[in-house]
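What follows is a set of notes on a single structure, which appears directly below.
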Number of protein chains: 2
Amino acid sequence: MDVILPKFDSVFSIDCVIFGFEAGELKILLIERNVEPFKDWYALPGYIVEQDESIDEAAERILYELTGLRDLHMEQFHTFGEVNRHPQGRVITVAYYALIRINGQKELRPVTHYARKAFWHPVNDLPKLAFDHTEIFKTGFNKIKRRLNYQPIAFELLPEKFTLTQLQTLYEAILNKKLDKRNFRKKMLSYGFLKELDEKQKGVSYRAAKLYKFDKRKYAKIFQNDLTGEL
Amino acid sequence: MDVILPKFDSVFSIDCVIFGFEAGELKILLIERNVEPFKDWYALPGYIVEQDESIDEAAERILYELTGLRDLHMEQFHTFGEVNRHPQGRVITVAYYALIRINGQKELRPVTHYARKAFWHPVNDLPKLAFDHTEIFKTGFNKIKRRLNYQPIAFELLPEKFTLTQLQTLYEAILNKKLDKRNFRKKMLSYGFLKELDEKQKGVSYRAAKLYKFDKRKYAKIFQNDLTGEL
DNA sequence: TAAGATAGGTGTATATTTAACACGATGTTA
DNA sequence: TAACATCGTGTTAAATATACACCTATCTTA
């Protein structure tokens with residue numbers, strides 16, 4: 001903001017906490033690092049921001065390069081700016097999160113050599129992570145727990161068509177507590193943004209449940225007046 | 001995160017949105033810039049982060065240097081990272097906010113020459129601000145509006161001893177809507193963290209109201225089990 | 001010192017939301 | 001066709017939120 005901008009030896013980076021849901025478990029995306037420092041450690045996908053890209057663009061690019069995933073909607077949730085976060089110098093990091101469907105078809109394949117591989121790992125049993133990534137994960141996890149209470153973010157984790165039981169299982173996984181089935185259904189349906197389909201679950205060895213779909217248009221319509229986006 | 005950290009010509013800065021409450025009006029702290037770019041414009045207090053200070057420390061220092069205020073509890077709320085935010089180069093900015101008592105005694109006096117003066121300005125009638133500061137202000141204002149619903153942040157804006165009417169006026173100023181007096185009082189008192197004092201307002205030309213105090217210890221006790229800090 | 005002005009302080013009734021709680025129906029498999 | 005597993009449903013009680021109006025205390029001024 002001064003007349004001449006001073007040059008800094010600071011590095012600016014992005015880390016991503018990407019949540020997925022698979023086999024009734026909440027998971028996050030990790031990479032195995034292939035470069036020092038913390039070579040061979042597990043870490044959140046993260047790398048350095050270039051000068052000619054916004055931080056949102058950088059987040060997309062970096063996630064793609066390290067995991068092969070793209071076109072997901074990420075949001076920043078906190079910036080980590082302690083002096084000694086990185087063993088080799090000053091690094092300030094904006095952390096992003098996203099919730100996505102885990103899709104067995106889509107292969108996770110790093111595009112750069114910085115990551116040896118990328119993989120999903122259950123949040124309940126995380127290994128030690130590189131840098132301060134455990135703290136970053138925890139901060140992000142707390143944010144989505146809170147957010148779940150007033151925004152329909154859970155749908156981003158489920159397949160397009162899902163059963164109410166699946167939805168409830170997901171809520172329970174995120175909030176880490178049991179919910180009452182009848183009350184849960186009553187409340188979800190009362191919002192009016194779930195569309196009941198003429199279709200049922202397939203391939204289950206018991207009575208098949210009805211499938212539902214999250215109706216974004218209805219959601220937008222219902223909550224258009226509520227500027228805060230709260231339910 | 002690579003083996004050798006590249007050097008970047010990026011600048012990393014802090015901007016502060018400081019809310020105060022005076023004469024029944026919600027205000028924020030602005031400075032008049034004394035250097036290019038945007039010389040003579042009004043702006044949020046903000047400046048560049050040094051390499052050997054955390055961003056939280058930087059926020060404190062910068063606010064002090066530009067306004068003379070110190071020892072207030074600020075929190076980051078968003079990081080602005082578009083490429084062309086600053087006319088002279090790439091600048092990434094972490095925005096902080098705080099809520100404080102406006103104290104007529106404490107003089108606002110910039111310590112550096114970068115600001116010509118610092119002053120309080122009502123949020124309802126803000127002038128054009130330098131850079132993207134209007135957007136930063138709006139983002140911060142929305143955050144505190146939301147936050148007011150589940151955290152007792154309003155007390156930070158009031159004098160230590162206050163009347164329930166003052167508290168209500170403040171809520172109304174932030175939320176920009178009228179509240180019902182009886183319901184407001186009932187609810188506030190029901191939380192149990194307001195301590196009624198044996199004292200009354202002085203110097204008013206009508207019946208004096210009882211004074212109350214926010215009891216932090218009681219608040220902590222009551223909400224210790226609620227990890228999210230929600231009411 | 002009485003009258004007027006101004007904000008202080010209080011309660012109840014209704015509507016809405018949340019919480020607790022159990023079992024018969026349906027489809028699958030052996 | 002029996003056994004199994006999940007599906008899908010409704011009521012009641014408690015808590016919370018909302019709507020609403022008048023008398024009281026204190027100060028000012030005529």
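Numbers restart at 1 for each chain; the letters A, B, ... are given by sequence-line order, proteins then strands.
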Which whole-number value in Å describes the distance from B:Leu167 CG to C:dG8 P?
13 Å
Applying a 4.0 Å non-hydrogen cut-off, can you work out what B:Lys210 is touching in the nucleic acid: base, sugar-phosphate, or nothing?
sugar-phosphate
In whole angstrom, what separates B:Gln168's CD from C:dG8's P?
10 Å
Between P on C:dT17 and OH on A:Tyr191, what's the gap in Å once rounded to a whole number?
11 Å
Between D:dC27, C:dG11, C:dG27, which nucleotide gets closest to the side-chain atoms of B:Ser205?
D:dC27
Testing C:dA7, D:dT11, C:dG11 for proximity to the side chain of B:Tyr206, the answer is C:dA7
Taking the inter-plane angle between the rings of A:Phe155 and A:Phe162 on a 0 to 90° scale, is it parallel (under 30°), tilted (30 to 60°) or perpendicular (over 60°)?
tilted
What is the separation between atom NZ on B:Lys200 and atom P on D:dT24, rounded to the nearest whole Å?
15 Å
Gap between atoms CG and C1', on A:Asn183 and D:dT9 respectively (whole Å):
12 Å
Any side-chain N or O of B:Arg185 below 4.0 angstrom from OP1/OP2 of C:dG9?
yes
Between B:Glu32 and B:Phe119, which heavy-atom pair has the shortest distance, and what is it?
N-CE2, 4.2 Å
Looking at A:Tyr212, is A:Lys210 sitting on its ring face, NZ or CZ under 6.0 Å from the six-membered ring centre and within 45 degrees of the normal?
no
B:Gln201 CD - C:dA7 C1' separation (whole Å)
9 Å
Give a yes/no on whether any side-chain N or O of B:Thr165 is located under 4.0 angstrom from OP1 or OP2 of C:dG8.
yes
Provide, to the nearest angstrom, the distance between the CZ atom belonging to A:Arg182 and the P atom belonging to C:dC21.
10 Å
Taking the six-membered ring of B:Phe141 (Phe, Tyr or Trp), confirm whether the NZ or CZ of B:Lys145 is under 6.0 Å from its centre and within 45° of its axis.
yes
A:Lys187 side-chain proximity, nearest of D:dA19, C:dG8, C:dT18
C:dT18
Check the distance between C:dT28's P and A:Lys202's NZ and give it to me in whole angstrom.
12 Å
If you assign A:Lys181 and B:Lys181 each to the DNA chain D nucleotide with the nearest heavy atom, which residue ends up on the more 5' nucleotide?
A:Lys181
Can you work out whether A:Lys186 or B:Thr163 has the more 5'-proximal nearest nucleotide on DNA chain C?
B:Thr163
Verify the ring-centre separation between A:Tyr191 and A:Tyr219: is it less than 6.0 angstrom?
no
Nearest-nucleotide pick for B:Asp180, side chain only, options being D:dT6, D:dT26, D:dC20
D:dC20
Taking the side chain of B:Arg207 as its heavy atoms from C-beta onward, which of C:dT26, C:dG8, D:dT18 lies nearest to it?
C:dG8
From C-beta outward on B:Ala209, which listed nucleotide comes closest to its side chain: D:dT6, C:dT12, C:dG9?
C:dG9
